[in-house]
Protein chains: 2
Amino acid sequence: MTNASATVRERIRQLHAELTRSERKFANALLENYPAAGLASITLAASNAEVSTPTVARMVQKLGYRGYPQFQQALLEELQATGSGPTQRRANWVAEAPEAHLLNRFAKAATQNIERTFSNIDSRQFDAAAQLLAQQAGMLYIVGGRISSALALYAFTHFQAIRSHVVHMTSSSATWPHYVLDMAEGDTLLLFDVRRYETNLLRLAKQASERGVRIILITDQWASPVASVADHSFQCWIEIPSAWDSNSATMMLLEALIAATQEVCWPETKDRYERLENLFDMTRLFKQSPS
Amino acid sequence: MTNASATVRERIRQLHAELTRSERKFANALLENYPAAGLASITLAASNAEVSTPTVARMVQKLGYRGYPQFQQALLEELQATGSGPTQRRANWVAEAPEAHLLNRFAKAATQNIERTFSNIDSRQFDAAAQLLAQQAGMLYIVGGRISSALALYAFTHFQAIRSHVVHMTSSSATWPHYVLDMAEGDTLLLFDVRRYETNLLRLAKQASERGVRIILITDQWASPVASVADHSFQCWIEIPSAWDSNSATMMLLEALIAATQEVCWPETKDRYERLENLFDMTRLFKQSPS
DNA sequence: CGAAAAATGTCAATAATTTTCCAAAGCATT
DNA sequence: AATGCTTTGGAAAATTATTGACATTTTTCG
């Protein structure tokens, strides 16, 4: 039962599970551009969301409105209630929660980190790093510390899709010597090291460096000691008011690097992606057949 | 001559002298409640401003619009999200690089995702999820799909530090039945499922749900089918102009959840952290001694 | 893999909105 | 105070939007 005084956003959330595919398509278009996307005529709103008009009409009835005009009316009243125009609309991230709510506090801190991180990137270093990561002639080794191993895994998953010869050095350092043995000039090492720097990683980086391996380091704002042997290093701001550190900015920088590498590798990557998709589809078929 | 790209507000100001008395009446009503007053039907908007419909129709033509619908369209475009959020203010993230540089393009897309994700979180759902995640009486199972396994690993690393009884279900689904066997009411399942939804995960979620396990789902903007059996689900916007999806927003939401859980668990966690630190220090000593 | 069910889009009828036209009212000027 | 111009609002015409019925496609389940 939809609450009579609920906002359109809340109603969509409540009924989200019961919405059909196209209805969800429209719901998302609305949430992405709230509330403007719902204030145009039903025809326009529908075609902007790439669904048909009746779909929208049916959906607003599902949400509890008599028809599209009533739905628009509700959106308009919300817009008036928030008082001032779109400029002041979102002082808080999660508008319905107070400023002191953890969600807003966290979002504020994390975006500040992202801002600091990105405004301190040297774009030439960044481009150079992307070039290195795209060098398919050599191997690409990826390694991380305790916390950053998840980032290393994420990097591995993506670089593996983009290019060949990618190796994920697991976080247990016992296996590292075997990898070092095979390292040679022309190879690249992507290394993650954030606060609570691990001496193992430094030792690994030194040995790799001695063997002529190019090192790309992703570290925190205080910079891991590995920076001294790294060819390119990137600092990520990670401080939040908490006992642990946030890696949101790190993740975003990593993704930017992945995006840049992919752009360099294109169009080889394109072909690779398609083959990969096919392989996954086949795996799916394998799994479904016995059921 | 009215500038083609001027806002409605600006156009009104420019032509203010040439407006007639009733037109000015409407103009003021619009400026007092901008832009909502201009988004209703012409009949309503006119009667709210206590002028007649033709007056409004004539006026918007004076302002340079073909008709009332075109005028409304202009208002709507002004209202559209671009440039209004807390992050979008910054035009270039990496100031020294041009706007078209990948870093800036990526940062723009990613922050828009973050903005959309956070403005669509239901704070009550979020709080409820944090409560569940903090329930140390039951087990906390964490599982992810192919791409999201890195996120699952990250979640595991942190929740393990915060609380007891945390289990990371590896991405190979062959081992899942064993875990399901042990699941019981009071347990919680934190599940990651983003585009290219995996049927395995859905099956797992259904079985867990039947055993009375509470399910928290972190998914993408289109919502995985798991949402229908999940107790709390969170949508993350992941689209970037690329062949793959960005999980920056997902990561940030996950970190917010970790932060909230930690806040609930404190001070038990405090003690736990200290013991953990000690253990890591000891490990370091072990490793250093033989060198 | 096939049948049943659900969902989606096309089309047409209906309802609403916008616009135009015209007469009445207001206002300034002589 | 009267005339002519401008402005205003009522009502009808034209346009556009909305909704319901139906056929097609897609999905789900056995």
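First the proteins, then the strands, lettered A, B, ... as listed; each starts at 1. Values below: every heavy atom of this structure, side chains too, minus hydrogens, waters and symmetry copies. As the structure is a computational prediction, the values presented were derived from the model and not from experiment.
Taking atom CD of A:Q61 as the reference point, atom C1' of C:dA7 lies 15 Å away to the nearest angstrom. When rounded to the nearest whole Å, the span between NZ of B:K206 and C1' of D:dC29 equals 10 Å. Between B:F26 atom CZ and D:dG9 atom C1' the separation is 16 Å, expressed in whole Å. One interatomic measurement links the two molecules: CZ of B:R58 to P of D:dT7, which rounds to 9 Å at whole-angstrom precision. Summarising the geometry, the separation between NZ on B:K62 and P on D:dT8 is reported as 8 Å, rounded to the nearest angstrom. Following rounding to the nearest Å, B:R66 (CZ) and C:dT17 (C1') show an atom-to-atom distance of 15 Å. Atom-to-atom, CG of B:L19 to C1' of D:dT8 comes out at 15 Å; the value is rounded to the nearest Å. One atom, CE of B:M59, and another, P of D:dG9, lie 14 Å apart when rounded to the nearest Å.
Proximity of A:S22 to the phosphate of C:dA7: no side-chain N or O atom is located under 4.0 Å from OP1 or OP2. Side-chain N/O atoms of B:T20 include one lying less than 4.0 angstrom from OP1 or OP2 on D:dT8. Contact between the side-chain N/O atoms of B:T53 and the OP1/OP2 oxygens of C:dT18 is not found at any separation under 4.0 Å.
When heavy atoms are screened at a 4.0 angstrom cut-off, B:R21 is found touching the sugar-phosphate backbone but no base atom. As judged by a 4.0 angstrom heavy-atom cut-off over every strand, A:Q72 is placed among residues making no nucleic acid contact. Within 4.0 Å of A:Q70, counting heavy atoms only, lies no atom of the nucleic acid at all.
A side-chain donor-acceptor contact under 3.5 Å links B:D220 and B:Y197. B:H232 and B:D122 form no side-chain donor-acceptor contact under 3.5 Å, judged by distance and modelled atom types alone. Inspection of the A:Y68 and A:Q73 side chains reveals no N or O donor paired with an N or O acceptor under 3.5 Å. There is no side-chain donor-acceptor pair under 3.5 Å between B:Y65 and B:Q72.
Listed by chain and number, the residues in a side chain to side chain contact (heavy atoms under 4.5 Å, CB included) with B:A36 are A:L76, A:L79, A:Q80, B:N33 (sequence neighbours excluded).
Between A:F71 and A:F26, the ring-plane angle classifies as tilted under the 30° and 60° cut-offs.
Note on residues 177-188 of chain B: no pairs pass side-chain hydrogen bond (donor to acceptor under 3.5 Å, both in side chains), not counting sequence neighbours.
Taking every heavy atom of residues 41-52 of chain B and every atom of DNA chain D, pairs under 4.0 Å involve B:S52, by number.
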